[in-house]
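Shown next, in structure tokens, is the structure this report addresses.
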Amino acid sequence: MKFKLLIILAIILNTGCKQDTTKDIETTKNEIKKEWWKEQVVYQIYPRSFKDSNGDGIGDIPGIISKIDYLDSLGIDVVWLSPHFDSPNADNGYDIRDYRKVMEEFGTLEDFDTLLNGLHDRGIKLIIDLVINHSSDEHKWFQESMSSKDNPYRDYYIWKPGKETNPPNNWPSFFGGSAWEQAGPDGEYYLHYFAKKQPDLNWENQQLREEIYELMRFWLDKGVDGFRMDVIALISKPQNFDDMDNEGLKHPEYTYAYGPRLHEFLKDMNKEVLSKYDVMTVGEAYGGNAEKTLEITDERNNEIDLAFWFDAVRVGRDNFKQNEWTLPEFKKLVKAQSDVNSHNWPTFFLGNHDNPRVVSKFGDDSPEFRVTSSKLLAMLLLTQRGTTFLYQGDEIGMTNYPFTSFDQFDDVEIKGNYNKIIASGSTPESYLADLNKMARDHARTPMQWSNTNKAGFTSGDKTWLGVNPNYPEINVNNNLQDKHSIFHFYRRLLNIRKGNDNLIYGDYKDIAIDHPQVFAYTRIGKNKTYLVVLNMSKSMVDFSLDNKFKGYNLIINNLNDDTTTIEHNKLTLQPWEARLYESN
Ligand code: TEU
Ligand code: CA
């Protein structure tokens, strides 16, 4: 009897095991492994532009500290802080002079600790920006490296002799001109993919890698919750330093990114540093295709957790031109990044400090539709599959800045590329018109807090970059007071999303991918399905739905407080109307 039972038990256990292995091979997306960093909504702060505390016209850490309650009331989970390190600001902090020091204009290390603790006290995490593809030319390492060929730091950067009077090859810098600059007593050239003041670090050098691990530990030991990694796909340089062909010159990022040792470097960094902390990492995976990006974020590879894909955000972009784009084109790019396999987890974002304002690019920033379309974009952002990234000011519907002359810009990229763009056939007027659509400075104008002096950003009479003249209307105070504001709509959506596994982990399915005006998709969770219907146009649309959606309940929409149930298989959508439905 006992024996028989044992056999039965063995059979059960055995088949159980077998089922598990097949499951493992065919995991559906609903069986995604839960991780805290998959569930977060991250809010990006560009410190220079967020809040000035001392009247010098430059945002700073005490300014951010004074707004922690604001962030808390919005309901975000994580703050991503753009670089706060000591820097001569050739590229607003993306050129670091000392990785262990806080930029003087931003405050002190004590201020940083106060910020970190203040956020942690409210259950908000903090990730910082790790810029380790390049440093500032004013970094001690570079000063040493440049001083002579025999200096022990020489090999921390990439030096090559020129070809007669020319640089080593024809590679261009993203910020204009050659990617090589001659320096030091030996007349050699150093590599800089970005500005001259941003020399690329030589990751082939083991000592350099260890120094980077040390500085990562310095911040992790303070308690930061992870890193956003600047241009991380560029750290391993191609080993072939020949000239590029013309095609390569147009899009050099594809030559520069995903070098031969990238995976090895990331795995080593993970093993030596990241695996020892419970943190999140998100890499700026600029310059690759989907396949390559999926490799660095595949959980089986132990490299980084998440990556930003740029295809959807940059839809219609061709270098410095923003061309027309269609909704189906955009939806296909979103699908490609949202619908990835179960070993990867996507990110979703529509803007950041390098891109125009979301309502100006993806919505309609005219007075008639700015509020409605900003709310629609909030719904798009907060119902997608992936860790969500919001950019400061989008929660109040801030818009692009109306630039009328070149001296209003600050960005090194705009100035550096001026000659090249004019030489390639643009006129100053047409370049300015293009910049009005896509310049990075649109996202960097000061945060608009109130309708008082300089939008309440500073108590002083100047700001490092102009305040958008629309601040008397578009500001935080107005948003806080009006319960139908964009801010409160974000808040409600954040609340719906928080802890909602069906919405966070549910499969993504676009149900009308070729529809020219409507973006409609479902998020199919284990217990509930969500239906999102967004009319991304300024005309009314009749939209047909499958019968299976009958009985779904409207839980939030961007026009009124209605909560109705789907009774017909046709929805009549108002311009820029956005609706979120839930199954029973
Ligand atoms: O951005 C890299 C990058 O993709 C951009 O420079 C891009 O070429 C540009 O925005 C197109 O308009 C990262 C940072 O996000 C950016 O702010 C820095 O300037 C850059 O790296 C260098 O650190
Ligand atoms: Ca200041």
Side-chain angles (χ1 to χ4, degrees), residues 44 46-66 80 82-85 87 89-96 102-108 111 129-136 172-176 179 192-201 228-235 251-254 256-257 282-288 307-311 313-314 317-322 349 351-356 389 391 409-417 421 434-435 437-444 446 454 457-460 462-464:
Q44 183 189 354
Y46 196 68
R48 212 171 183 73
S49 308
F50 194 61
K51 173 71 187 160
D52 175 23
S53 72
N54 62 352
D56 67 355
I58 297 170
D60 47 50
I61 296 178
I64 304 173
I65 295 170
S66 72
W80 149 26
S82 273
H84 64 280
F85 314 91
S87 162
N89 286 306
D91 186 18
N92 289 341
Y94 283 92
D95 50 318
I96 298 173
V102 171
M103 191 186 304
E104 222 169 272
E105 292 162 329
F106 290 174
T108 63
D111 293 329
D129 217 310
L130 191 66
V131 189
I132 48 179
N133 171 69
H134 46 268
S135 72
S136 163
S173 149
F174 294 119
F175 290 167
H192 63 90
Y193 284 162
F194 294 92
K196 279 179 200 157
K197 286 185 69 62
Q198 295 170 294
D200 282 49
L201 290 160
R228 175 265 186 186
M229 298 181 176
D230 194 58
V231 286
I232 197 66
L234 301 184
I235 60 173
H251 291 287
E253 60 270 30
Y254 293 102
Y256 298 162
V282 51
E284 194 195 19
Y286 184 57
F308 294 127
W309 297 35
F310 286 92
D311 299 347
V313 172
R314 292 171 69 102
R317 268 293 285 280
D318 183 12
N319 284 320
F320 289 87
K321 283 218 172 335
Q322 175 60 60
F349 66 107
N352 63 19
H353 67 293
D354 292 333
N355 285 284
F389 289 80
Y391 184 70
F409 293 104
D410 164 81
D411 190 0
V412 58
E413 182 176 61
I414 293 172
K415 297 180 178 153
N417 281 299
I421 286 170
D434 288 332
L435 290 171
K437 291 190 195 138
M438 43 56 63
R440 308 199 297 179
D441 281 341
H442 291 298
R444 301 177 179 185
K454 304 286 175 196
F457 166 73
T458 180
S459 59
K462 58 178 195 320
T463 53
W464 75 275

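Quick caveat: nothing in here was measured; it's all calculated off a predicted structure. Remember, it's 1-based here, ligands and their atoms both numbered in the order they're listed. Numbers for residues simply follow the sequence, beginning at 1. Below, each value reflects all heavy atoms present in this structure, side chains not excepted, and no hydrogens, waters or symmetry copies.
Counted by atom type alone, Ser82 and Tyr94 present one or more donor-acceptor pairs between their side chains at under 3.5 Å. Between the side chains of Asn92 and Tyr46, a donor-acceptor pair is found at a separation under 3.5 Å.
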- Tell me, with the steps shown, if Asp311 and Arg317 meet salt bridge (charged side-chain N to carboxylate O under 4.0 Å, His left out). CA-CA 9 Å; Asp311 299 347; Arg317 268 293 285 280; over 6 Å; no
- Query: Asn133 and Asp200: side-chain contact (heavy atoms from CB on, under 4.5 Å), yes or no, with the steps?
  - Reply: CA-CA 6 Å; Asn133 171 69; Asp200 282 49; 3.1 Å; yes
- Task: Test side-chain contact (heavy atoms from CB on, under 4.5 Å) on Phe50 and Ile64 and set out the steps.
- Result: CA-CA 7 Å; Phe50 194 61; Ile64 304 173; 3.9 Å; yes
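Every atom of ligand 1 is numbered from 1 in the order shown, and the set under 4.0 Å from a heavy atom of His134 is 22 (C), 23 (O). Applying the 4.0 Å criterion to heavy atoms of Val231 picks out, from ligand 1, the atoms 2 (C), 21 (O). Residue Arg444 has at least one heavy-atom neighbour below 4.0 Å for each of these atoms of ligand 1: 17 (O). Of all atoms in ligand 1, numbered sequentially from 1 with element shown, those under 4.0 Å from a heavy atom of Asp354 are 1 (O), 10 (O), 13 (C), 14 (C), 15 (O), 16 (C), 17 (O). Taking every heavy atom of Arg317 and a limit of under 4.0 angstrom, the matching atoms of ligand 1 come to 12 (O).
Contact of the Val231 side chain with the Glu253 side chain is not registered, since no non-hydrogen atoms from C-beta on lie closer than 4.5 Å.
Rounded to 10°, the angle formed at the Ca ion (ligand 2) by OD1 of Asn54 and O of Ile58 is 150°. Angle OD1(Asp52) to the Ca ion (ligand 2) to OD2(Asp60): 90° [nearest 10 degrees].
Within the structure, ligand 1 lacks Met229 among the residues with a heavy atom less than 4.0 angstrom away.
Within Asp56, the N, O or S atom at minimum distance from the Ca ion (ligand 2) carries the name OD1.
At a heavy-atom distance under 4.0 Å, only side-chain atoms of Arg440, from C-beta outward, approach ligand 1. Of the heavy atoms in Tyr46, none comes closer than 4.0 Å to ligand 1. Neither the backbone nor the side chain of Met438 has any atom closer than 4.0 Å to an atom of ligand 1 (non-hydrogen atoms only). Only side-chain heavy atoms of Arg228 come within less than 4.0 Å of ligand 1; its backbone N, CA, C and O stay farther off.
Counting protein heavy atoms only, atom 23 (O) of ligand 1 is closest to Asp230 OD2, 2.7 Å. In terms of protein heavy-atom proximity, atom 9 (C) of ligand 1 is closest to Glu413 OE2, 3.1 Å. Shortest contact from atom 3 (C) of ligand 1 to any protein heavy atom: Glu284 OE2, 3.7 Å. The protein non-hydrogen atom at the shortest distance from atom 18 (C) of ligand 1 is Asp91 OD2, 3.2 Å.
Looking at Tyr391, its side chain does come within 3.5 Å of a backbone N or O of Ala443 through a donor-acceptor pair. Side-chain atoms of Trp80 never come within 3.5 Å of backbone atoms of Arg228 as a donor-acceptor pair (strictly under, hydrogens ignored).
Close placement of the Phe174 and Tyr286 rings is indicated, their centers lying within 6.0 Å of each other. Side-chain rings of Phe308 and Phe349 approach one another, their centers coming within less than 6.0 Å.
Closest heavy-atom approach to atom 8 (O) of ligand 1 among the candidates Phe174, Tyr286, Phe320: Tyr286.
To the nearest 0.5 angstrom, Phe194 atom CZ is 8.0 Å from Asp91 atom CG.
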